[in-house]
K.L.:
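My questions all concern the structure below.
Proteins get letters first, then strands, A, B, ... in listed order; numbering begins at 1 in each. Computed from heavy atoms alone, side chains included, the values below leave out hydrogens, waters and symmetry copies. Worth saying up front: this structure is predicted, and the values here are computed from it rather than measured.
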Amino acid sequence: MARHLITSAIPYINGVKHLGNLVGSQLPADLYARYLRGRGHEVMFICATDEHGTPAELAAAKAGQPVADYCAEMHAVQAELGRGFRLSFDHFGRSSSARNHVLTQHFAGRLAEAGLIAEVQEMQVYSVDDGRFLPDRYIEGTCPNCGYDKARGDQCENCTKQLDPADLIDPRSAISGSRNLERRATTHLYLRQSVMRERLDAWIGAKTDWPVLTTSIAKKWLHDGDGLQDRGITRDLDWGVPVRKGAEPWPGMEGKVFYVWFDAPIEYIAATAEWADAHGLPEAAWRRWWREDEGAGDVRYTQFMGKDNVPFHTLSFPVTIMGSGEPWKLVDFIKSFNYLTYDGGQFSTSQGRGVFMDHALALLPADYWRWWLLSHAPESSDSEFTWENFQASVNKDLADVLGNLVSRVTKFCRSKFGETVPEGGETGPREAALAADLGQRIAAYDAAMAAIEVRKAAADAGRDPGSATNTSRPPPPGRPSRPTPRRPRRRRASRSTSSASMRCCRARSSPTRPRR
RNA sequence: GGGCCUGUAGCUCAACGGUCAGAGCAGGGCGCUCAUAACGCCUUGGUUGGGGGUUCGAAUCCCUCCGGGCCUACCA
């Protein structure tokens, strides 16, 4: 009996997520949470929507809505889809919550006191007609290297050369197409990650049991070039957490907000506070999960995310936590995933390419998707979704093997024993062999789940019951030992062990396929 | 350019320096019938991307070449 804090990377607000997003964070986190609850542990499973940043503002503008309304609506849509997929969050929060505003400002204040925030004046591109500063990738122009006319300010996607917006020929706003751009001076706050480099390096270096994907990305950022660089944590936007130093104003930073990657991970904490608020619980109820000095000393904290989120969770967020000088809970294990691909290419929200959560649920029950996604989770490398594979897997694993077993056992039971499940009779060597076999499978499954090896766990959970089938089969033709297995008493034993096997199968598979 | 991951049977994946490289699916054969055109048993199939090296021993470690993918700090 232990206490487990589990967070899934929080999905961005702009639209319905695709299966790649789902399998990379929310779904495996749900699997783990369900498993641990099933084992009797105390679990706090947190997710939320990530609502700030430029894309949210643009998506709202495109929808012709105020950004707050747009986010509220999309949050409701994502929450509903989460329920549709049976994601068992204890709370599905919002990074735009009042709780997150307060906490984000609190952390910024603590970091400033610790000397970990620097104010930096820099020049950025401002679009007069759009009335906003443009991130590099929102500036379009002709690539000076290859002549491609839709190169982005950060990189030309045609020749892959990295660019600076100043390099672009004929630069224009990617939002409006306006060429009325100018460079303006603006001041931003930087998180001085570089001064924490040694400490982060030692911390990551000690995590020898983490997935290679997680540690290799972190180490690359720590050691590449001049090492870990400081990172801007503010933006010139309207929508976001206003920059404040704790409860105090921050002179010179009026009208600016924190960068979404500063406030998004803090939302894990804030969402737990939102959970307490939603249940009318006192502060202590959520703080016992997050403050080591207030009861979180025995909590094991596991994060789930796609590989694109790894730098923020291995570096920036730990700097926020460590740098605060307060005993907030630091992550114990980071499980990261590669990408799911779709027919050879990437899933793409912007291009509408792939299978999206709403479409998937409209087509087939959530369990079909959960089973396929978890049993094919992109753990060691990217993995591919194809309709053929999905169809074959669902038909074989779920309908043929599992469905048929249940159908068969129940029908047989009814035909021989009526409407009552018979008591177990005498057990013999076959039942003992079955029990031993199941014991081994459960042990293998437990080991895989403990290590959060999703594919392996799914394979162990779904693997049949072949032994159950064997137990209730007549003896093989070559060895006519007829009388014994034909006696009703033996049948009852077989029946009860078969149904035990079925129950066992159900227990193992319930985290994967909660409906069954 | 740099870094990381990856390449194993037709397909999806195991094997993490040590018995003939294994499973599931697909293919072939046989069987069973209590079951869902289901299930069970048996079976075909691999020069582990190519080449070189280290080692008593290499899918595994090293070098090199070829292919696929991701990241590269202002998308999130």
K.L.:
If you measure from the Lys or Arg side-chain nitrogens to the Asp or Glu carboxylate oxygens, is any gap between A:R172 and A:D129 under 4.0 Å?
P.N.:
no

K.L.:
Taking atom C1' in both B:rG49 and B:rU44, what distance in whole Å separates the two?
P.N.:
24 Å

K.L.:
Looking at A:N395 and A:A392, would you say the former's side chain and the latter's main chain have a donor-acceptor pair under 3.5 Å?
P.N.:
no

K.L.:
Return the value, rounded to whole Å, for the distance between atom CD1 of A:I175 and atom C1' of B:rC74.
P.N.:
13 Å

K.L.:
If the C1' atom of B:rA14 is compared with that of B:rU8, how far apart are they to the nearest Å?
P.N.:
10 Å

K.L.:
Paired stems touching RNA chain B, three or more consecutive Watson-Crick or G-U pairs with both distances under 3.5 Å?
P.N.:
B:1-7 with B:66-72, B:10-13 with B:22-25, B:27-31 with B:39-43, B:49-53 with B:61-65

K.L.:
With a non-hydrogen cut-off below 4.0 angstrom, is A:G227 in contact with a base, only sugar-phosphate, or nothing?
P.N.:
base

K.L.:
Quiz question: by atom type and distance under 3.5 Å, do the side chains of A:S178 and A:S127 form a donor-acceptor pair?
P.N.:
no

K.L.:
Judged by modelled atom types alone, do A:K207 and A:T314 share a side-chain donor-acceptor pair under 3.5 Å?
P.N.:
no

K.L.:
So, does A:Q229 use its side chain to make a donor-acceptor pair with the main chain of A:G227 at under 3.5 Å?
P.N.:
yes

K.L.:
Do the side chain of A:E388 and the base of B:rC11 come within less than 3.5 angstrom through a donor-acceptor pair of N or O atoms?
P.N.:
no

K.L.:
Consider only side-chain N and O atoms of A:D397 and A:S393, and report whether a donor and an acceptor are under 3.5 Å apart.
P.N.:
yes

K.L.:
How would you label the contact of A:T54 with the nucleic acid (heavy atoms, under 4.0 Å): base, sugar-phosphate, or nothing?
P.N.:
sugar-phosphate

K.L.:
Indicate yes or no: does A:D130 engage A:R132 in a salt bridge with an N to O separation below 4.0 Å.
P.N.:
no

K.L.:
Taking B:rC20 as the reference, what is the distance to B:rA15 when you measure between their C1' atoms (whole Å, please)?
P.N.:
15 Å

K.L.:
Reckon A:R408 has a side-chain N or O less than 4.0 Å from the OP1 or OP2 of B:rC39?
P.N.:
no

K.L.:
Find every protein N or O atom lying less than 3.5 Å from an N or O atom of nucleotides 25-30 of chain B, and list the pairs.
P.N.:
none

K.L.:
Please work out if A:D136 contacts a base, only the sugar-phosphate, or nothing of the nucleic acid, heavy-atom cut-off 4.0 Å.
P.N.:
base

K.L.:
Below 3.5 Å is the cut-off: list the nitrogen or oxygen pairs between protein and nucleotides 4-7 of chain B, distance only.
P.N.:
residue: B:rC4; atom: O2'; partner: A:S216; partner atom: OG; Å: 3.0
residue: B:rC5; atom: O2'; partner: A:S380; partner atom: O; Å: 3.2

K.L.:
OP1, OP2 of B:rC74 versus side-chain N and O of A:R137: anything below 4.0 Å?
P.N.:
no

K.L.:
Have A:T49 and A:H75 got a donor and an acceptor in their side chains that come within less than 3.5 Å?
P.N.:
yes

K.L.:
Check every strand shown and say whether A:S383 touches a base, only sugar-phosphate, or nothing at a heavy-atom separation below 4.0 Å.
P.N.:
sugar-phosphate

K.L.:
So does A:R152 get a side-chain nitrogen or oxygen closer than 4.0 Å to the phosphate oxygens (OP1/OP2) of B:rC74?
P.N.:
no

K.L.:
Does any N or O donor sit under 3.5 Å from an N or O acceptor when you compare the side chain of A:N404 with the base of B:rA35?
P.N.:
yes

K.L.:
If you apply the rule side-chain contact (heavy atoms from CB on, under 4.5 Å), what do you find for A:I46 with A:E267, and how did you get there?
P.N.:
CA-CA 9 Å; A:I46 291 295; A:E267 169 62 12; over 6 Å; no

K.L.:
Are OP1 or OP2 of B:rC75 and a side-chain N or O of A:Y259 less than 4.0 angstrom apart?
P.N.:
no

K.L.:
Is A:H376 touching bases, backbone alone, or none of the nucleic acid, heavy atoms closer than 4.0 Å?
P.N.:
sugar-phosphate

K.L.:
Considering heavy-atom distances to RNA chain B, does A:N309 or A:L222 have its closest nucleotide positioned more toward the 5' end?
P.N.:
A:L222

K.L.:
Determine the contact category for A:E379: base if any of its heavy atoms lies under 4.0 Å from a base atom, sugar-phosphate if only primed atoms, P, OP1 or OP2 are that close, otherwise nothing.
P.N.:
nothing

K.L.:
Which one, B:rA76, B:rC74, B:rG69, comes nearest to the side chain of A:P135?
P.N.:
B:rC74

K.L.:
Would you say the side-chain atoms of A:T410 pair up with the backbone N or O of A:V406, donor to acceptor, closer than 3.5 Å?
P.N.:
yes

K.L.:
Taking atom types as modelled, find out whether A:S95 and A:N100 have a side-chain donor-acceptor pair closer than 3.5 angstrom.
P.N.:
no

K.L.:
Is a side-chain N or O of A:K335 found less than 3.5 angstrom from the main chain of A:I452, in a donor-acceptor match?
P.N.:
yes

K.L.:
For the backbone of A:A68 and the side chain of A:E51, can you confirm whether one donor and one acceptor N or O come within less than 3.5 Å of each other?
P.N.:
no

